[in-house]
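I have placed the structure first, in the form of structure tokens, so that the comments after it can refer back to it.
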Amino acid sequence: MQAPRNSARQKGLFALITIVLIGLFCELAFRLTLKISKEIPFVRPDLAVEEHFYKELKLVQNSTISTDNDSLDVLILGGSVVADEWRSKVARYLQDSLRKGLNTSKVRYFNLANLGHNTNDNLYKYKMLGDKRFDLVVFYEGINETRFNNIPASLFRSDYTHVRWYHDIALIKQHPEMRYTVIPFTFHLFLNYASTLVGKRYFVNDTPDERFYSEAFDVKTAPTYRKNLSQIVATAQARKEPLILVNFTYYIPEKWRKSNFKDQEWDYAGCDLSSPIRTWGTPLAVEKGILTHRAMMQQIANENKGVYYMDMMPLLPREGRNFCDICHLTDDGCRVFANNVASYVLKNNMIRSSY
């Protein structure tokens, strides 16, 4: 009778070892797949949001930043127009202008603006800096969310999870067990992506689908833009950080408009980096989205006392020498932009006068 019992135990132990080995193989295979396909960290996949999606956070988080130090610390929030990553010189020129205006070299800037980022990304990043205190916060962005409108209203999601980038971020946040295993996350990710094959979901990618260009005239992003920007304002107020909302400007050459956007009649400068307007959609739909977002920012500024607001549109001449494309700025444009912001900050006494 003893032999059958031992045999059963051995079979059970063998089955358990087999299951563990299969699980371990799946874990390693899934981690490697996520690392290759989505750049999710192999060792600590639970840190993917900070280490992959928002890498720029680490430099700021590791810096000593306080209103009690002897330097003027400026935080830049926005998209590629003001991003160092895009080789924009806005932040650098703003630093130079403030140094000159204050007659000090003690001006530092921390640029969290990045390519394609919008109110959603900037709100998240700003909230992640809860232990930091800045002397000045500058927000400038109004075009990137227009891309998300290129989708039927029935498929649009107000949290932007109809865009792969935000879907993946949201899914990672739903799986805290990724600290130990990625298997549930991987299956969840696969099921969501598979749902697109049967028409239950649709994801907006880097370039909008031409089939849905007309859908973008319905600016579905307006409520989310307003909500996110309101939370950025509330966060700044809670931290007692001076925040300046700079309203977005753009340039569509009149000759191009008159040709019904058929001829390449534009006078944009020949920049090393530029983006075709189709990055966001059709010219008129993108313009409507920008104008709608501009109106949202104006409303928020009017509703919140103590919020500093400036409109860049009348201050930055809309002509080719200042624009590389509909929104990105030339070196001259960056300098005009930065000088205008610095002048406003100093004129309105947003920061202390000596450092």
- ILVMFWY cluster, Phe53 and Tyr193 together (side-chain gap under 4.5 Å): yes
Restricting to non-hydrogen atoms, name the atom on [X] and the atom on [Y] that form the minimum distance, rounded to 0.1 Å.
X: Arg31; Y: Tyr180; value: NH2-O, 3.2 Å
X: Asn111; Y: Ala91; value: ND2-CB, 3.6 Å
X: Ser275; Y: Trp280; value: CB-CH2, 3.6 Å

Carboxylate-amine/guanidinium proximity below 4.0 Å for [X] and [Y]:
X: Arg211; Y: Asp209; value: yes
X: Arg321; Y: Asp332; value: no
X: Glu51; Y: Lys55; value: no
X: Arg226; Y: Glu303; value: yes
X: Arg318; Y: Glu254; value: no
X: Lys89; Y: Asp84; value: no
X: Glu56; Y: Lys125; value: yes

- Message: Applying side chain to side chain donor-acceptor pair (under 3.5 Å), can you list everything that pairs with His328, at least two apart in sequence or on another chain?
- Response: Ser80, Asp325
- Query: Which residues pass the side chain to side chain donor-acceptor pair (under 3.5 Å) test with Tyr268, sequence neighbours left out?
  - Reply: none
- Query: Given Phe30, which of Phe185, Phe190, Phe187 fulfils the side-chain contact (heavy atoms from CB on, under 4.5 Å) condition?
  - Reply: Phe187
- Do Glu145 and Thr119 have side-chain atoms, one donor and one acceptor, less than 3.5 Å apart? yes
- Message: Under a plain distance cut-off of 3.5 Å, with no hydrogens placed, do Tyr309 and Asn247 share a side-chain donor-acceptor pair?
- Response: yes
- Mark yes or no: Arg294 above the aromatic ring of Tyr250, with NZ or CZ under 6.0 Å from the six-membered ring centre and no more than 45 degrees from the axis. no
- Can Arg335 be said to sit on top of Tyr93's aromatic six-ring, NZ or CZ under 6.0 Å from centre and within 45° of the ring axis? yes
- Item | Derivation and outcome, side-chain contact (heavy atoms from CB on, under 4.5 Å), residues Asn114 and Asp121 | CA-CA 9 Å; Asn114 214 333; Asp121 307 281; over 6 Å; no
- Message: Determine whether Asp267 and Tyr251 satisfy the following criterion, side-chain contact (heavy atoms from CB on, under 4.5 Å), listing intermediate values before the conclusion.
- Response: CA-CA 10 Å; Asp267 64 339; Tyr251 175 46; 2.6 Å; yes
- Would you check if the distance from the ring center of Tyr54 to the ring center of Tyr124 is below 6.0 Å? yes
- Task: Step through it carefully: locate the ring centre of Tyr160, locate the ring centre of His167, and say whether they are under 6.0 Å apart.
- Result: no
